[in-house]
Amino acid sequence: MMEAKRLPEEYGSLVFGDKVMRERLPKDVYKAVHKTIVNGTHLEIDVANTVAAVMKEWAIENGATHYTHWFQPMTGLTAEKHDSFISPEGDGSIIMEFSGKELVKGEPDASSFPSGGLRATFEARGYTAWDPSSPAFIKDGSLYIPTAFCSYGGEALDKKTPLLRSMEALSKEAVKIMNILGYKDVSRVNTTIGSEQEYFLIDKEDYMHRKDLLFTGRTLIGAPATKGQEMEDHYFGVIKPKVSAFMHDLDEELWKLGIPAKTKHNEVAPAQHEMAPVFETANIAVDHNQLTMEVMKKVADKHGYACLLHEKPFEGINGSGKHNNWSICTDTGINLLDPGKNPDDNIPFLVTLIAVIASVDEYAPQLRLSVASAGNDHRLGANEAPPAVISIFVGDELTRVLESIEQGTVFERGAKIKMEMGAQVLPHITKDNTDRNRTSPFAFTGNKFEFRMPGSAVSVANANIVLNTAVAEMFSRMSAILEGLSEDELHNKLTELLKETLIKHKRVLFDGNGYTDEWIEEAARRGLPNLKSLPDAMVEWISDKSIELFTSHNIFTKEEIESRYEIQLENYSKSIHIESLTMQEMVRKDLTSGILAYENDLTNEIISKKEALPDAKATLEQGILRTLDDASSSIAKELSVLNEKTIEAETITDPQKKAKFYESNVLSQMDELRKYADEAEAVIPDEYLSYPTYGQLLFSLR
Ligand code: ADP
Ligand code: MG
């Protein structure tokens, strides 16, 4: 275990970050790289050559024999292909080599990555390009170089490229409007993200015995345990010693990789936990979140656990999310979402706040889509997670500020309220000006917005691509109206613009309980979209409006948008296809063998009991046998329907129709089958089942 006092040295020890570069690179090279990182400028090849040489030395000193370009294809996972540094000399000896060219560019075969029809099969070549703004690091004996991934034709095949494009677009438009508003020294704006990661830990042996968890990440059958989360005794509860050891190890592994793990606690559901890092620049935060998920799984394995990152591993128990805390900060140090002491006359804040409100309202479908997946569909709209309707919570004080803007009245400032807790010994603390609203999908939380819809398994890249682009669009519209005005005109026009924008978009503001049916009805009256499932929602992704938004800010080309449409629908259909096959197999083999064994024992028991005791009633045994017989005949029927529907689904070629069929025919049929499977399972003793039950999975952690 790492000594606490050594943490400052150990932190980031496996990262080729600013500190190492400053120490090891020649001054002019360091300056050039630093400029590239901070200003996003282009890097020359001779600089890359020097960086590569120094990087190699450092990597070898730290035990690396290989390097890999590390990228994020549309699978939602990360990809890597390792090359060693060795270069044979011809006399049987080797030297270790790594050139600037190898650092800057890789050429992986792209043909086996999802491309959504972007690439003809004969154009198999793909390129990876070094992202110097996200630091390289060492893992498992290799030097990892974060890269973007594109096709031979230059189309993005990954999540990093559009994310970087969206950060640039937002920066450009934010700088423009800040300059217009008089903040002339702002020349760049940084997007920051802190993504809280929820996860489940279960026993590794248990995990290995469940095909559904192994193949699909979620349980497809399983009667509920007699205890669930109703006692609310897990949230922030005492962390069990073994789990605590895991968390400690996880922190250390993350710290070594320069990932600023900060907060850890038990979550609401049994066996559910959370880790939150300190926020970082968006693309680094996204890379770090991808790494975090990987490290969580690896460390869990070492501790005899399996880490579940699926959005809904268990029926009837809360699923897992990944809250995306998002803000924007200027290079002059202003957090544009910090209301400060007097939000009512903090112009950069108000302009940004209202631009965010407008963009979230106007591009709600795109935002909803950025978090859509087969897994997350189980979570959104369930009564534990935000609804599929997007609304914004801003809290009391800001609501009043916004009202005064809308009505053109003067905002009455309240004094900071001191809290009186009624006991002398307790310190007096001041109240924050916004309360928390845990049911809002998009909540203002003091100096940032927290987007709560992303699921635990997805990359947060998509959500931030949409958010950055939509806000860039609103800034750009505002700039177009305010540009070139005199100071007086500017003031009047701005007042008018903020008021109009608010009136147009205030329907998206909602401070109440987002989990109620009343809100869903109210949202419908307000005309807010409620896109419940991925197949329904996807259509919005290729709407004219969507294409206009992304192409006008150079985030995606039309072809890239269409390819992503296909990939997302295909992923959805494939996920449910695998789930259906897995469920069929588990029911047909694992559950059925349990039913048969227990039925057999019950039958023998009844027969021998009646032999021994001619007037024996055997009511209990017969009752259970009857339940099993009824359930199993229903299982037989539903299983064959599921089989037929799944075969039919595979014959559909249109990706949207196919996904829709999977949703309304296959997924719903899986629910039917599950009802009877769970009925049977509920009366079978654990030892007859070849897989662990919910009770075992959720309550056996030490
Ligand atoms: P909670 O939402 O659970 O109450 P916190 O308020 O402590 O938790 O913060 C949640 C996350 O928000 C953390 O990951 C934190 O780093 C991040 N965060 C704080 N400030 C910002 C910011 N300006 N930009 C982006 N993320 C931020
Ligand atoms: Mg939070």
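Both counts, for ligands and for their atoms, begin at 1 and track the order of listing.
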Indicate, with yes or no, if the rings of Trp70 and Phe137 have centres closer together than 6.0 Å.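 Under 6.0 Å, so yes.
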
What about His248 and His303, are their ring centers closer than 6.0 Å?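 When the ring centroids of His248 and His303 are compared, they turn out to be at least 6.0 Å apart.
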
Ion pair check, Glu253 and Lys256, cut-off under 4.0 Å: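 Between Lys256 and Glu253 there is a salt bridge, with a charged N closer than 4.0 Å to a carboxylate O.
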
Closer than 4.0 angstrom, basic N to acidic O: yes or no for Asp301 and Lys297?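 Salt bridge between Asp301 and Lys297, a charged N being under 4.0 Å from a carboxylate O: no.
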
Any heavy-atom pair between the side chains of Glu274 and Gln197 that's under 4.5 Å?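 When only atoms from C-beta onward are counted, Glu274 and Gln197 do not touch, as no gap falls below 4.5 Å.
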
Element-labelled atoms of ligand 1 that are located less than 4.0 Å from some non-hydrogen atom of Arg438: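 Ligand 1 atoms under the 4.0 Å threshold to Arg438: 4 (O).
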
Atom indices of ligand 1, in the order listed, that fall short of 4.0 Å to a heavy atom of Val278: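 Here the atoms of ligand 1 in question are 16 (O).
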
Considering Lys262, Glu450, Glu280, His323 one by one, which has a heavy atom nearer to atom 2 (O) of ligand 1 than any of the others?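 Considering heavy atoms of Lys262, Glu450, Glu280, His323, the nearest to atom 2 (O) of ligand 1 sits in Glu450.
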
Which option wins on minimum heavy-atom distance to atom 12 (O) of ligand 1: Thr191, Thr281, Asn325?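 Answer by nearest heavy atom: Asn325.
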
If we ignore angles and hydrogens, is there a donor and acceptor under 3.5 Å between the side chains of Ser370 and Asn462?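 No, no side-chain donor-acceptor pair sits under 3.5 Å.
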
Does any N or O of ligand 1 fall below 3.5 Å from an N or O anywhere on [X], backbone included?
X      : answer
Pro277 : yes
Glu274 : no
Ser195 : no
Ala276 : no

At a non-hydrogen distance cut-off of under 4.0 Å, which region of Asn335 contacts ligand 1 (side chain, backbone, both, or neither)?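 For Asn335, the contact with ligand 1 is made by the side chain alone.
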
In terms of ring plane angle, is the pair Trp541 and Phe550 parallel, tilted or perpendicular, where the classes change at 30° and 60°?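 Plane angle between 30° and 60°, so tilted.
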
